[in-house]
Amino acid sequence: MSIGFIALIVIALFFVAYRLYGRFLHSHFGLDNDRPTPARLINDGIDYAPIRPALLLPQHFSSIAAAGPIVGPILAGLWFGWVPALLWIVIGNIFIGAAHDFSTLAASVRHRAQSIAEVVREHIGKKASLLFLLFVWISLLYVIVAFTDLTASTFLAKEYGAGVATSSLLYLLLAVLMGFLLRRTTIPLPVVTLGGVVMIILIIWGGQYIPITLPTLFFLSPAKGWGILILGYCFFASILPVWMLLQPRGFLGGYFLYGALIIGVVGLFFGGYKTEYPAFVGLHNPKGALLFPALFITIACGACSGFHGLVCGGTSSKQLDKEGDAHPVGYGGMLLEGLVAVIALATIMMFAKGDPALAKGPTEIYAQGLGHFAGLLGVPMGMAMSFGLLAFATFVYDTLDVATRLGRYIFQELTGWQGKGGRIGATLATLALPLLFLMTTQEAAYLKFWPIFGASNQLLAALSLLGISVWLVKTGRNPWYTLIPMFFLLSITLWALVLFIAPWWTTFTPDVNGFVALVLILIALLLLFEAYQTIAQHNQKRMFAVAVRDGADLFLVLSICRSRQGDVYVNFPRDHKPDWKPHSSYHASGQHHQKSFGDKALLYHRQKPNANFSGTENVVTTGIALDEPRTINKPCNAADFQEVFEIPLMELRPEKYRTLLSVDVTGPNGQPIITPGATVILQTVFQDAVPWIRVTLFDTDSNKG
């Protein structure tokens, strides 16, 4: 079968999924381009800056597309055959991976561009948030271990590895030079970019003429030496200012990424390659692992990656210009990574089983296949191999940069260790365990750590979807499109992690992977329990609100809550009833709570979307009497009222009328309160709220009845 024909089918499926399922998710999340994003509301020019999706998508894509969608598909294809690998890449991308990335990006935007950990904190609780952060930190350690060892293996490749090591070092020095030129000089960006691209070509060509090899020193093999040097790079990448290394290196890395993608697409469609490798090899890999669940954790990135959720909630959500841009950036970005995975899988599909070309490691197989593709453009094989290997190393640097920095952030948040000392200490603590792992394992240790890296990565995606599902449930929306992928990933990953600790039952010899698997299982189960408790309490204690939306701002009109004891708390707007105070709450017992906003206690208190109310809750202990209130300094949080019915005021109110909005809590057969001299223009009853909510719009201009 033609590889080009297979690629055409995959791309067609991705396109249809983008148009149909991506649009379906867009509508079910209720994304609104008229609602300003955090990037527009804050827009500090540092972290928050809205940019067009055409510019944000490449940046987002270069952050998520690293070595994972290359190594995983190659390993899975070699072990199980290209058909199981391809099916998981396509189906996993469309319904799980792209849905996960879209959901995490949309959820972050709706939560002030905060991370998924903050979404978990807000909707499940602080304990769950700390557990989630701990899980993420452990997962990031495995990312660093696996990708550091992969890069060291790349530098030890027999034919081109030493030259690629030279090119890699020169590439990093070039990134630092570009950072200083862009920061300290007035040289235009296009000039610096053109010079950087020319230098990259020279670096790829010249690296092979000045190869770097590490000797065995202090009882360390060359692989261990390279591991130490790469972790040293991670250290500096984490603590140096982003403009000095991370940003220019990521900028240069984008050219490798797109160059590799273009060469891959050219090879797929114009190489004339046929599928030589078996479509199906067997149900077990060489180490005896069963296809279920091994396939799904071997291809993590490329089908679904929890790491992407950290990127979505870390940088991309802070730059989203419109809410609708989550569709091309989140959903579309993951589909592009799926194409990278298909190209990687094609590099083994073109060879027959037993071909010497497949006896190498995944990095060399990928570079070799890319070299064949590049040959169609007239690029010499040697330079094409160097390009492929350096491109692979560059993808790894993308991941290592972000993983180490995120690990440092999380460690500082968990420990409260701040300042310069905290920055350095947290980075060292994050890199200490990867260093220990790499120094105490044999060469090519990534093969040992890759399965648990994939399992932890997929489980991270499941837990992110868990937090988003709780948010959807608490806001009255159907969560099945996040719950189904969550349960699938949860079952697959927990199954895989249990298999890691299964040998303990027979040999009683715990190993690192088994111990980490046990810790991850316990954290995941605790998070599930916290989520279950949150949903159970939410079902017992129902909160509702009616909000009127005028343009981008929300006017909180009424909010009600029914507790598990049956008490009803009602917050009314000012002057709704003459004998009830503004922003007031009443227990069934008559106890009165009053919200105070100082001089901002107006008819409608204007709030930014998703913003917290600023003020205090004053408790009046003697019913509705006007005794002196006792302030307890409790913030009034708009998120406390979870099920918000938003009414677009501009749609309800004809501009020619001067209107009054009235909100009532009634029974099913209750009558509306008719304001004297007013004519009812529109009345809406929300029957799914408890108690019932009636919104009535009046015309108060007697001349325009």
Side-chain angles (χ1 to χ4, degrees), residues 66-68 71-72 133-156 168 172 214 218-240 245-246 297 300-301 305-307 310 363 392-393 395-415 417 422-457 459-460 500 510-520 523:
V71 177
L133 286 173
L134 179 60
F135 186 98
V136 172
W137 189 73
I138 295 173
S139 299
L140 289 173
L141 297 186
Y142 267 89
V143 172
I144 296 170
V145 169
F147 287 176
T148 297
D149 193 58
L150 269 168
T151 310
S153 300
T154 301
F155 294 164
L156 294 174
S168 181
L172 294 177
L214 291 185
F218 300 116
F219 305 104
L220 291 176
S221 67
K224 306 297 184 188
W226 280 122
I228 292 174
L229 291 177
I230 294 167
L231 290 178
Y233 162 77
C234 294
F235 173 79
F236 288 107
S238 174
I239 65 173
L240 289 177
L245 178 58
L246 191 137
I297 63 171
C301 307
S305 172
F307 181 78
L310 305 181
T363 58
F392 183 88
F395 298 159
V396 172
Y397 288 138
D398 280 321
T399 305
L400 289 175
D401 287 348
V402 177
T404 308
R405 191 171 284 263
L406 286 173
R408 189 251 292 178
Y409 290 160
I410 292 171
F411 192 88
Q412 287 183 280
E413 185 169 348
L414 288 171
T415 62
W417 196 3
R423 188 165 63 250
I424 295 174
T427 303
L428 290 174
T430 299
L431 296 175
L433 285 176
L435 177 63
L436 177 63
F437 289 169
L438 292 171
M439 292 302 105
T440 56
T441 55
Q442 72 277 13
E443 293 185 16
Y446 71 88
L447 291 173
K448 177 180 180 181
F449 293 121
W450 191 268
I452 197 166
F453 152 71
S456 63
N457 196 18
L459 186 52
L460 174 59
F500 278 109
D511 62 353
V512 173
N513 280 350
F515 176 75
V516 173
L518 180 60
V519 172
L520 295 179
I523 294 175

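- For the side-chain hydrogen bond (donor to acceptor under 3.5 Å, both in side chains) test, residues two or more places apart in sequence or in another chain that qualify with Tyr233 are Arg249, Asp401.
- Interatomic distance, CG of Leu400 versus CZ of Arg405, reported as 13.0 Å (0.5 Å rounding).
- In this structure, Arg408 and Thr430 approach most closely via the heavy-atom pair N-OG1, 3.8 Å.
- Residues passing the side-chain hydrogen bond (donor to acceptor under 3.5 Å, both in side chains) test with Asn457, sequence neighbours excluded: Ser305.
- The heavy-atom pair separating Gly227 from Thr148 by the smallest distance is O-CG2, 3.7 Å.
- Contact detail for Phe155 and Ala393: the closest heavy-atom pair is CE2-CB, 4.5 Å.
- Across every non-hydrogen atom of Trp450 and Ala146, the tightest pair is CE3-CB, 4.2 Å.
- Leu431 meets the side-chain contact (heavy atoms from CB on, under 4.5 Å) test with Ile144, Leu231, Cys234, Phe235, Thr404, Thr427; sequence neighbours excluded.
- Qualifying side-chain contact (heavy atoms from CB on, under 4.5 Å) partners for Ile138, counting only residues two or more places apart in sequence or in other chains: Leu134, Val516, Val519, Leu520, Ile523.
- Gly454 and Ala300 get closest at one heavy-atom pair: CA-CB, 3.9 Å.
- For the ring-ring contact (aromatic ring centres under 6.0 Å, His included) test, no residue two or more places apart in sequence or in another chain qualifies with Phe135.
- Taking the side chain as every heavy atom from C-beta outward, Tyr142 and Ile452 approach each other to under 4.5 Å.
- Note that CG of Leu214 is 8.0 Å distant from CG of Leu156, once rounded to the nearest 0.5 Å.
- For Tyr409, there are no ring-ring contact (aromatic ring centres under 6.0 Å, His included) partners, not counting sequence neighbours.
- Remark: Thr363 engages no residue in a side-chain hydrogen bond (donor to acceptor under 3.5 Å, both in side chains) (not counting sequence neighbours).
- In this structure, the side-chain contact (heavy atoms from CB on, under 4.5 Å) partners of Leu133, at least two apart in sequence or on a different chain, are Ala117, Ser129, Ile410, Glu413, Leu414.
- For the pair Leu140/Phe307, a side-chain contact is recorded, criterion being any heavy-atom separation below 4.5 Å from C-beta on.
- Taking CZ from Phe392 and CG from Leu150, the interatomic distance works out to 4.5 Å, rounded to the nearest 0.5 Å.
- Taking CG of Leu435 as the start and OG1 of Thr440 as the end, the distance is 9.0 Å to the nearest 0.5 Å.
- Annotation: side-chain hydrogen bond (donor to acceptor under 3.5 Å, both in side chains) contacts of Ser139 (sequence neighbours excluded): none.
- Contacts of Phe500 classified as ring-ring contact (aromatic ring centres under 6.0 Å, His included), with partners at least two apart in sequence or in another chain: none.
- Gly68 and Phe147 get closest at one heavy-atom pair: N-CZ, 3.8 Å.
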